[in-house]
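Notes to accompany the following structure.
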Amino acid sequence: MNEIEVKAKLKNKEKVIESLKNMGAEFLNTKYQKDVAFWPNELKANEKHHPLGTNFMRIREQESNGAKKVLFTLKQPQTNQTDCKEYELEINEKGIPELKSLILALGYYEYVTIEKNRTIAKIKDIEVCIDDVTDLGSYIELEKFGPADQAKKIQNELYSILESLGVTKEDFVYDGYDILVHNVK
């Protein structure tokens with residue numbers, strides 16, 4: 001199963017949250033997340049997009065209600081940058097320096113650090129993330145897991161939901177936060 005998502009810049013976060021509540025979304029929790037993104041060394045000359053089939057890594061430190069968690073993630077874009085095979089595992093916070101050394105030894109470099117506050121909600125089998133990203137502003141992500149051959153269909157479904165929330169096509173975003181933050185720094 002692939003993680004299939006869509007993303008958009010929010011012009012009116014409060015209105016979208018109200019629309020989500022009216023749709024019956026269940027608001028679950030809010031987290032602070034600090035992500036360190038790692039890219040393959042061979043992409044240093046071309047940092048504009050995630051080439052399909054290429055592995056990208058991330059170390060995420062997150063905190064919610066006083067509980068800390070560290071996740072190591074490997075993402076591999078499939079049909080586009082927002083349809084990814086994803087592998088994730090929780091690690092001990094003390095292992096972060098060793099994991100960073102391992103990633104660097106594998107031929108990756110530290111691309112960018114992204115910090116955000118994320119509010120998570122659910123609409124049936126769709127995860128909704130309202131993100132306040134440092135240096136970028138507010139965004140919404142809709143995520144759903146599905147088979148690779150259904151990625152386009154699922155993305156169209158998710159885009160329709162965004163539009164029903166009052167988000168326009170002009171606000172759709174096709175890059176990851178790593179690229180967006182890198183481009184403003």
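Residues Val70 and Tyr108 share a hydrophobic cluster, clusters being chains of Ile/Leu/Val/Met/Phe/Trp/Tyr side chains in contact below 4.5 Å. Linking Ile, Leu, Val, Met, Phe, Trp and Tyr whenever their side-chain heavy atoms come within less than 4.5 Å leaves Val36 and Val112 in two separate clusters. Follow the hydrophobic side-chain contacts under 4.5 Å out from Leu10 and you reach Leu20 in the same cluster. Leu106 is not connected to Phe56 by any chain of hydrophobic side-chain contacts under 4.5 Å among Ile, Leu, Val, Met, Phe, Trp and Tyr, and they are in different clusters. If you chain together hydrophobic residues whose side chains sit under 4.5 Å apart, Phe145 and Leu142 never meet in one group.
Both cation-pi conditions hold for Lys44 and Tyr109: the charged atom is under 6.0 angstrom from the six-membered ring centre and inside a 45 degree cone around its axis.
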Determine, stepwise, if the pair Ile161 / Val128 fulfils side-chain contact (heavy atoms from CB on, under 4.5 Å). CA-CA 11 Å; Ile161 293 170; Val128 180; over 6 Å; no
Decide side-chain contact (heavy atoms from CB on, under 4.5 Å) for Leu28 and Glu127; before the verdict, give the C-alpha distance in whole Å, the side-chain angles of both, and the deciding distance to 0.1 Å. CA-CA 10 Å; Leu28 304 174; Glu127 184 173 88; 5.9 Å; no
Pair Asp131-Arg118, salt bridge (charged side-chain N to carboxylate O under 4.0 Å, His left out): steps then yes or no: CA-CA 4 Å; Asp131 294 329; Arg118 169 169 279 183; 2.7 Å; yes
When you look at Ile103 and Phe72, which way does the side-chain contact (heavy atoms from CB on, under 4.5 Å) test go after all the steps? CA-CA 11 Å; Ile103 293 169; Phe72 168 68; 3.6 Å; yes
Can you list the steps and then say if Gln76 with Tyr87 is a side-chain contact (heavy atoms from CB on, under 4.5 Å)? CA-CA 9 Å; Gln76 187 183 77; Tyr87 307 92; 5.5 Å; no
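Using a 4.5 Å heavy-atom cutoff, the side chains of Asp35 and Tyr177 are not in contact. Looking at heavy atoms from C-beta onward, Arg58 lies out of side-chain contact with Phe38 at the 4.5 angstrom threshold. Between Lys21 and Phe27, some side-chain heavy-atom pair lies under the 4.5 Å cut-off.
Here Glu88 does not pair with Arg60 in a salt bridge; the nearest charged N to carboxylate O distance is not below 4.0 Å. Ionic pairing of Asp132 and Lys13 is present here: one or more N-O contacts between side-chain nitrogen and carboxylate oxygen are shorter than 4.0 angstrom. With respect to the salt-bridge test (charged N to carboxylate O, under 4.0 angstrom), the residues Lys75 and Glu86 qualify.
In this structure, the separation between CD on Gln150 and CG on Asn2 is 11.5 Å, given to the nearest 0.5 Å. To the nearest 0.5 Å, atom CG of residue Asn55 and atom CG of residue Leu74 are 4.5 Å apart. In this structure, NZ in Lys100 is found 6.0 Å from CD1 in Ile59, a value given to the nearest 0.5 Å. Taking CD of Glu3 as the reference point, atom CD1 of Ile154 lies at 11.5 Å (rounded to 0.5 Å). The CD atom of Glu5 sits 7.0 Å away from the SG atom of Cys84 when rounded to the nearest 0.5 Å. In this structure, Asn117 CG and Glu63 CD are separated by 10.5 Å, a value rounded to the nearest 0.5 Å.
Using cut-offs of 30° and 60° on the angle between ring planes, the pair Tyr111 and Trp39 is parallel.
No more than 12 heavy atoms of other residues, nucleotides or ligands lie within 6.0 Å of NZ in Lys85, so this atom counts as exposed by the packing criterion. By the neighbour-count criterion of 12 heavy atoms within 6.0 Å, atom CG of Asn156 is densely surrounded, having more than that number from other residues, nucleotides or ligands. Crowding of Glu98 atom CD: a count of heavy atoms from other residues, nucleotides or ligands under 6.0 Å not exceeding 12. Dense packing is recorded around NZ of Lys122, with more than 12 heavy atoms of other residues, nucleotides or ligands lying under 6.0 Å away.
Taking every heavy atom of both residues into account, Ile123 and Met23 meet most closely at CD1-SD, 4.3 Å. Minimum interatomic distance between Cys129 and Glu143 (heavy atoms only, all atoms of both residues): SG-OE2, 4.2 Å. When all heavy atoms of Leu158 and Val6 are compared, the pair lying nearest together is CB-CG2, 3.5 Å. In terms of heavy atoms, Asp171 sits closest to Lys11 at OD1-CE, 3.0 Å. For the pair Glu157 and Ile126, the tightest heavy-atom approach, listed with the atom from each and the gap, is OE2-CD1, 3.8 Å. Smallest separation of non-hydrogen atoms from Pro77 and Pro51: CG-O, 3.9 Å.
In this structure, a donor-acceptor pair under 3.5 Å is present between the side chains of Glu115 and Tyr32. A donor-acceptor pair shorter than 3.5 Å can be found between the side chains of Lys116 and Gln33.
Listed by chain and number, the residues in a side-chain hydrogen bond (donor to acceptor under 3.5 Å, both in side chains) with Glu90 amount to none (sequence neighbours excluded).
With hydrogens and angles ignored, the 3.5 Å screen pairs a side-chain donor or acceptor of Lys7 with a backbone N or O of Asp175.
Checking Asp178, Thr134, Leu180, Leu136 one by one against Ile114, the side-chain contact (heavy atoms from CB on, under 4.5 Å) holds for a single residue, Asp178.
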